[in-house]
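Before I ask anything, let me first share the structure, which is written out below as structure tokens.
So that the names make sense, note that chain A is the first sequence line, chain B the second, and so on, each numbered from 1.
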Amino acid sequence: MAKITLKVPKGAVSMQEGKLVEWFVNDGDPVSLGQAIYAIETEKTTMEIECPFEGTFKRLGEVGETYKVGYPIAEIEQ
Amino acid sequence: MSNQALPNALPQDIALLIYTTMVRIHACDQRIQQLLAAGALQFQYYPCGGQEAIPASIAPHLHKEDQVVTTYRGVHDIVAKGTPMVEIIAEMMGKITGTSKGKGGAMHLSDPDAGLMVTTGIVGAGMPIANGLALAAKLKGTGRVVVVNFGDGASNIGAFNESVNMAALWDLPIVFLCQNNAYAEYTSFEGSTKSANIADRAAGYGMAGETVDGTDPDAMHAAAGRAITRARNGEGPTLLECMALRLQGHSFGSEEGHMDQEKLAAARANPPIAKFRASLIERGNATAEDLDTIDADAKQEVEDAVEKSMAADMPNESELYTDIFADASAVPYSSPTTTAAEPDLSDREVVTVPMVVAITEALDIALGEDPDVFLIGEDIADPAGGVAKATAGLSTKHGVDRVRPSPISEQAIIGAAIGASLNGMKPVAEIMINDFSMVCMDQIANHAAKLRYMSGGRTSVPIVIRTVTAGNVGNFAAQHSQSLEAWFTHIPGIKVVAPSTAADAKGLLLAAIADPDPVLVLEPMRCYFVPDEVPVGRYEIPLGKAAVRREGTDVTLISYGWCSVEANAAADALAEVGVSAEVIDLRSLVPLDLDTCVTSVKKTGRCVIAHAAVEFSGFGAELAAKLSEELYGQLKAPIKRVGARYTPVPFTPSLESMHFPNAARIKDTAESLMK
Ligand SMILES: Cc1ncc(C[n+]2csc(CCOP(=O)(O)OP(=O)(O)O)c2C)c(N)n1
């Protein structure tokens with residue numbers, strides 16, 4: 001079983017941090033490639049993040065919190 | 001519509017091959033961006049969307065042995081050249097299973113097995129090196145063709161001018177493939193040049209040029225065929241400009257506000273892959289189901305590569321210092337250091353000749369022994385035989401193919417040497433004067449020095465760069481007299497030697513030519529024309545071995561290059577006042593013989609380091625710091641440096657003599673330590 005960490009992505013070259021605004025999947029949900037998993041708000045825009053792997057989802061971040069780029073925000077267990 | 005309706009219509013098998021490559025590129029490019037977008041990966045990525053058809057249409061013309069050089073925006077070129085998908089993805093993830101063991105990364109993939117020789121992150125810098133690959137192909141008669149990719153922006157950089165001129169002059173088997181995606185970062189094509197297009201410039205260089213729609217595989221394949229056939233037939237290079245609008249910002253996540261929104265929207269609505277797909281169905285080359293299968297296979301190939309790469313390891317600590325040099329013991333301060341033994345020349349006949357003649361002899365020996373050795377540089381052929389006559393007679397004896405006079409193009413000279421060395425040759429490049437190496441610093445420091453590491457040891461650059469340090473020969477002034485060794489010793493991956501005797505100049509040069517890594521040889525003009533004793537025949541002075549010129553007990557004088565002459569004179573003068581000086585001539589700065597220095601300074605307790613280079617931030621600062629660390633508490637006086645003063649080299653003799661170190665200053669400094 002591989003565990004893949006999803007970090008706050010650098011969605012724009014100048015992006016430093018983002019605010020987790022909504023989860024689209026619950027802890028323990030099966031997720032599939034391309035599925036929207038959460039939304040993150042930056043200075044410029046709100047991005048919906050697509051799931052990059054199939055597996056079981058685990059939330060690590062909290063809605064409403066602001067995280068730096070690179071912060072581990074979720075995990076996918078395969 | 002039948003195939004006949006299209007003037008350049010591709011045969012069905014080629015068309016499907018191109019389509020397959022395009023979707024494989026697209027699947028790879030999209031998957032990487034998806035992983036970046038989700039935060040599963042994080043690095044600078046330069047997408048190739050819109051440009052997929054260019055390399056996909058070239059690929060059917062290329063043999064496996066043909067070679068490609070590309071840029072940071074090169075994943076399409078790399079997939080098309082045949083590098084395994086799993087190695088591409090693993091390299092981008094920094095994994096040991098990547099093309100370059102993760103040491104190169106997304107901007108520096110290389111896969112010589114597939115003919116992918118260099119991926120550079122320096123705009124325009126691939127062109128000089130590609131010329132060298134092509135030069136080797138021509139000299140060795142391999143029939144190989146080289147394709148070098150670069151952007152429209154890169155067409156405005158100096159390396160472009162030097163490279164296309166040299167390639168045209170020498171009829172090199174190369175295609176200069178300009179991927180004109182209408183932007184260079186945030187600057188439009190029109191904002192970068194008054195040229196209406198890039199291909200028209202070819203005429204000015206006396207070479208073929210053509211502009212083609214890089215989104216149209218039929219046209220693209222035909223144009224590439226013309227260029228590659230020309231190169232293969234020995235008819236010289238082509239500047240092929242392929243028009244293909246960039247379908248996204250410069251790098252992943254970067255803004256698009258500077259792009260023409262209408263054109264962008266139109267191009268995105270009908271991207272090259274969709275257009276070609278529709279065309280293939282329309283001409284009856286494939287059904288939608290056939291193409292769906294190709295699409296699905298490509299996705300699966302990428303998925304398998306991602307899965308394998310995620311599971312692979314990153315390189316561990318054992319990889320940190322490997323692939324800098326062929327042998328990690330050449331890394332400064334590595335332990336243990338291994339150096340070949342000094343040759344026993346006691347039985348050799350000795351002739352009295354100046355250093356320049358000893359250098360010529362070394363070159364003559366190397367040319368005579370090894371057909372892969374060749375010389376390249378400005379004015380090096382007869383009758384000139386080099387501005388300082390270091391290559392006199394050699395072109396007459398070995399021919400101008402191997403003693404190759406070049407245009408005044410330092411970047412192209414070093415690039416040609418690098419590229420030829422990647423193909424197994426042993427080039428010796430001459431940069432007339434050390435000061436001029438600053439105009440080709442990128443080729444030396446970013447490429448010659450780093451390709452071994454960036455490729456995870458899969459490529460290497462066994463070149464020699466000979467250059468004269470002309471200080472203290474009278475009135476060469478600020479731009480022809482500098483000793484810039486510290487610029488080079490600061491860059492991991494390049495060896496630096498600085499002889500002071502004719503015998504060492506010969507033996508170090510032969511060792512440098514035999515060495516598997518790039519070596520810069522700094523030849524002191526001050527010693528060039530002074531008669532000196534030189535053993536006849538071949539011998540090598542090992543790199544990384546200092547010479548103790550005289551033994552002493554009170555103070556150690558460490559020097560190299562022409563300043564060693566001053567150090568020897570200072571030791572004579574010190575003897576007269578009762579001070580016994582030990583004199584060390586380093587001969588080689590990288591690798592560095594620290595042991596000899598430590599042993600000596602431990603014995604004497606005092607040390608003066610003298611060099612012709614400016615003292616501030618000079619090599620002596622490094623050595624002094626290291627010796628102080630090694631010998632803390634054992635020194636009788638602080639370690640002193642005597643270098644050139646912090647001024648540009650003055651022209652007038654009254655000031656020049658104050659600028660450079662000399663025996664008197666070295667002696668005074670050493671004497672001051674005795675108090
Ligand atoms: C010598 C150098 N200068 C600047 C840069 C920064 N830079 C990276 S890509 C780029 C634009 C190059 O544009 P172009 O040659 O058209 O290629 P494209 O990125 O469009 O493929 C610049 C300026 C660099 N990498 N190297």
Side-chain angles (χ1 to χ4, degrees), chain A residues 1-25 31-61 65-78, chain B residues 26-47 72-73 89-90 92-95 97 105-107 121 183 185-186 246 248-259 295-296 298-314:
Chain A
M1 285 283 253
K3 207 187 279 175
I4 295 155
T5 306
L6 301 188
K7 298 179 180 165
V8 173
K10 204 168 174 63
V13 175
S14 58
M15 179 174 160
Q16 299 297 320
E17 56 182 28
K19 181 169 146 193
L20 176 59
V21 287
E22 190 180 352
W23 289 114
F24 300 128
V25 285
V31 283
S32 58
L33 196 62
Q35 179 181 353
I37 44 180
Y38 69 92
I40 191 162
E41 185 186 295
T42 68
E43 268 177 16
K44 292 188 181 136
T45 176
T46 299
M47 304 185 291
E48 280 195 8
I49 305 300
E50 286 180 15
C51 186
F53 291 101
E54 271 180 21
T56 308
F57 196 77
K58 181 164 183 212
R59 296 173 174 183
L60 297 178
E65 290 294 314
T66 296
Y67 297 107
K68 288 216 168 351
V69 167
Y71 182 87
I73 201 161
E75 271 172 8
I76 296 174
E77 191 126 355
Q78 290 193 301
Chain B
H26 185 66
C28 178
D29 183 53
Q30 292 298 307
R31 187 66 172 115
I32 290 164
Q33 292 183 76
Q34 188 179 36
L35 291 165
L36 291 168
L41 295 180
Q42 211 161 88
F43 56 85
Q44 273 299 100
Y45 180 69
Y46 303 89
Y72 49 89
R73 193 187 313 287
I89 304 261
M92 299 216 173
M93 294 184 181
K95 300 298 179 83
T97 50
M107 267 197 265
Y183 295 94
E185 267 183 3
Y186 297 95
R246 197 178 76 191
Q248 59 283 306
H250 172 63
S251 61
F252 172 76
S254 72
E255 298 132 45
E256 298 170 354
H258 60 291
M259 299 177 74
D295 295 356
K299 276 202 170 145
Q300 192 56 50
E301 180 191 10
V302 171
E303 220 34 58
D304 292 346
V306 168
E307 195 177 314
K308 279 209 182 86
S309 301
M310 290 295 288
D313 290 325
M314 289 190 176

So A:Lys10 and B:Leu36, do their side chains get closer than 4.5 Å, heavy atoms only?
no

Measure across A:Val8 and B:Gln42 and return the closest heavy-atom pair with its distance rounded to 0.1 Å.
O-NE2, 3.3 Å

How close do B:Gln34 and A:Pro52 get, heavy atom to heavy atom, and via which atoms?
O-CB, 4.5 Å

Relative to chain A, which segment of B:Ala37 carries a heavy atom at a distance below 4.5 Å: side chain, backbone, both, or neither?
backbone

Side chain, backbone, both or neither: which part of B:Ser251 has a heavy atom under 4.5 Å from chain A?
side chain

Evaluate the criterion side chain to side chain contact (heavy atoms under 4.5 Å, CB included) for residue pair B:Leu41 and A:Lys7; output intermediate values, then yes/no.
CA-CA 8 Å; B:Leu41 295 180; A:Lys7 298 179 180 165; over 6 Å; no

Segment of A:Ile49 engaging chain B (4.5 angstrom heavy-atom cut-off):
side chain

Which of residues 302-309 of chain B have a heavy atom under 4.5 Å from any heavy atom of chain A?
B:Glu303, B:Val306

Neighbour count >12 (heavy atoms, 6.0 Å) for atom CD, A:Glu43:
no

Side-chain heavy atoms of B:Arg31 within contact of A:Leu33, under 4.5 Å:
yes

